[in-house]
Amino acid sequence: MPELPEVETVRRQLGPKLEGQTVESIEVYSEKQTDSDHEYEASLIGKKFSNIKRIGKLLIFSFYNESNLFLLGHLKMTGQLLFMHRGQVITAGGHTMSESDLELPNRHTRIQFNLKSGDTLFFNDLRKFGYLKIANLEEVKSVKSKYGPEPIDPDFDCGYFYQTISKSSQPIKALLLDQSKFAGLGNIYVDEALFRAKVLPMRSANEITKAESLLLCKDTGDVMRESIAVGGTTFRNFTDTNGEEGNFKDYLRVFGKQGQPCPNCGTMINKIKLRGRGTHFCPGCQK
DNA sequence: CGGATTGTTCTTCC
DNA sequence: CGGAAGAACAATCC
């Protein structure tokens, strides 16, 4: 379940590998995930990748000498971007995995970019929910405008945070998941941040005290920054561009820990369904 | 084999 | 008109 830290991990790894690479040909195995009115191959073949930016969980690919051409990439729940260097995937540990080990392309490969260098970029997605679609500048601007500020931003304003949550009677968890208010949090990091701030996920947002709000504001940023530092979280399907798992799974305190003792107080971690989402919390120390 | 899984958008309702 | 809440979507796992 890629959230901001997982998408940022992919962005940091893929950016330097793709920069300056020219698209030679494209294989589209799943038409709907290009989700585009534009001619996909005609628009992209011969184009040279420049930088990759990110807002929330959305990746924005740019191209040299193209001010009106972008690729918008969303991994949704099970998307992966895998980079193959001359037939081999090189892991962070320096080991090489052969093409046959990863079997790329495989039955989950939805889009494949063959690059002039001989390198290949694979977009894999077990469920066909993510996309890699073409957008022009106007569309990019429009999409960007729908996202709120990011808690990992050094300038993230905890005054704005408090003002925003104090206007709503929704459960605090629902507000934290609203990408138009705060960008990047998903189910895992919301549960973890609420645990750290000792706030119950079902509390009405407008009943959160200012002191609790300050803690929660800080913890949303902290938990995602700490995760980025260790390559994100792999709970089920996420891998980085080398097919490797993220290490923040070893630091989760409540997500997936139902039935286990709370690391703070020893109370059993509870799991409920809140607004249709699996929700983990400690009934002992979260208030 | 029914239910759970989640990010986002769509639909419905008030 | 807008907020709130559930359904839909996809494809697998348990």
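Reminder, nothing fancy here: chain letters follow the sequence lines and each chain counts from 1.
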Subject >> Co-membership, hydrophobic cluster, residues Phe123(A) and Tyr29(A), 4.5 Å side-chain >> reply: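 Not linked; separate clusters.
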Original post:
Hey, does Gly278(A) reach any base, or is it just sugar-phosphate, or nothing, if we go heavy atoms under 4.0 Å?
Top reply: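 Sugar-phosphate only.
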Original post:
Between Lys271(A) and dA4(B), is there a side-chain N or O to OP1/OP2 distance below 4.0 Å?
Top reply: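 The answer is no; no side-chain N or O of Lys271(A) sits under 4.0 Å from OP1 or OP2.
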When you compare the protein's N or O atoms with those of nucleotides 8-14 of chain B, which come within less than 3.5 Å of each other, and at what distance?
from   : atom 1 : to        : atom 2 : distance (Å)
dT8(B) : OP1    : His74(A)  : NE2    : 2.5
dT8(B) : OP2    : Lys57(A)  : NZ     : 3.1
dT8(B) : O4     : Arg277(A) : NH2    : 2.8

Give the rounded distance in Å between these two atoms: [atom1] of [X] and [atom2] of [N].
{"X": "Glu6(A)", "N": "dG7(B)", "atom1": "CD", "atom2": "P", "answer": "10 Å"}
{"X": "Leu175(A)", "N": "dG3(C)", "atom1": "CG", "atom2": "P", "answer": "12 Å"}
{"X": "Phe182(A)", "N": "dG7(B)", "atom1": "CZ", "atom2": "P", "answer": "17 Å"}
{"X": "Glu3(A)", "N": "dG7(B)", "atom1": "CD", "atom2": "C1'", "answer": "9 Å"}
{"X": "His280(A)", "N": "dT5(B)", "atom1": "NE2", "atom2": "C1'", "answer": "11 Å"}

Could you list all N or O pairs between the protein and nucleotides 11-14 of chain C that sit under 3.5 Å apart?
from    : atom 1 : to        : atom 2 : distance (Å)
dA11(C) : OP1    : Lys128(A) : NZ     : 3.4

Original post:
Would the number of heavy atoms belonging to other residues, nucleotides or ligands and lying under 6.0 Å from NZ of Lys47(A) be above 12?
Top reply: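 Atom NZ in Lys47(A) is crowded, with more than 12 foreign heavy atoms closer than 6.0 Å.
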Subject >> Within 6.0 Å of CG in Asp250(A), more than 12 heavy atoms from elsewhere >> reply: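 Yes, CG of Asp250(A) has more than 12 neighbouring heavy atoms, counting only those of other groups under 6.0 Å.
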Subject >> Thr9(A) side chain vs Pro5(A) backbone, donor-acceptor pair below 3.5 Å >> reply: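 Side chain of Thr9(A) to backbone of Pro5(A): a pair is present.
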Subject >> Flag, side chain of Asn270(A) to backbone of Pro283(A), donor-acceptor distance under 3.5 Å >> reply: no
Polar-atom pairs under 3.5 Å, protein N or O versus N or O of nucleotides 4-6 of chain C: list them with distances, or write none.
from   : atom 1 : to        : atom 2 : distance (Å)
dA4(C) : OP2    : Gln170(A) : NE2    : 3.0
dA5(C) : OP2    : Arg275(A) : NH1    : 2.6
dA5(C) : OP2    : Arg275(A) : NH2    : 3.1

Subject >> Residue pairs, two or more places apart or on separate chains, that pass disulfide bond (SG atoms under 2.5 Å apart) and touch residues 107-213 of chain A >> reply: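 Checked against disulfide bond (SG atoms under 2.5 Å apart) - neighbours excluded - the pairs reaching residues 107-213 of chain A are Cys158(A)-Cys217(A).
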Give the table of side-chain donor-acceptor pairs shorter than 3.5 Å for residues 251-260 of chain A, with sequence neighbours excluded, one pair per line with atom names and distance.
none

Original post:
Have Asn114(A) and Ser25(A) got a donor and an acceptor in their side chains that come within less than 3.5 Å?
Top reply: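 Their side chains do contain a donor-acceptor pair, which is all the 3.5 Å distance test asks for.
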Subject >> Inter- and intrachain pairs under side chain to side chain donor-acceptor pair (under 3.5 Å), touching residues 140-153 of chain A, at least two apart >> reply: Arg54(A)-Glu150(A)
Original post:
Between Phe61(A) and Phe70(A), does the ring centre distance come in under 6.0 Å?
Top reply: no
Original post:
Only one of Gln80(A), Gln33(A), Arg110(A) clears side-chain hydrogen bond (donor to acceptor under 3.5 Å, both in side chains) with Asp125(A); which?
Top reply: Gln33(A)
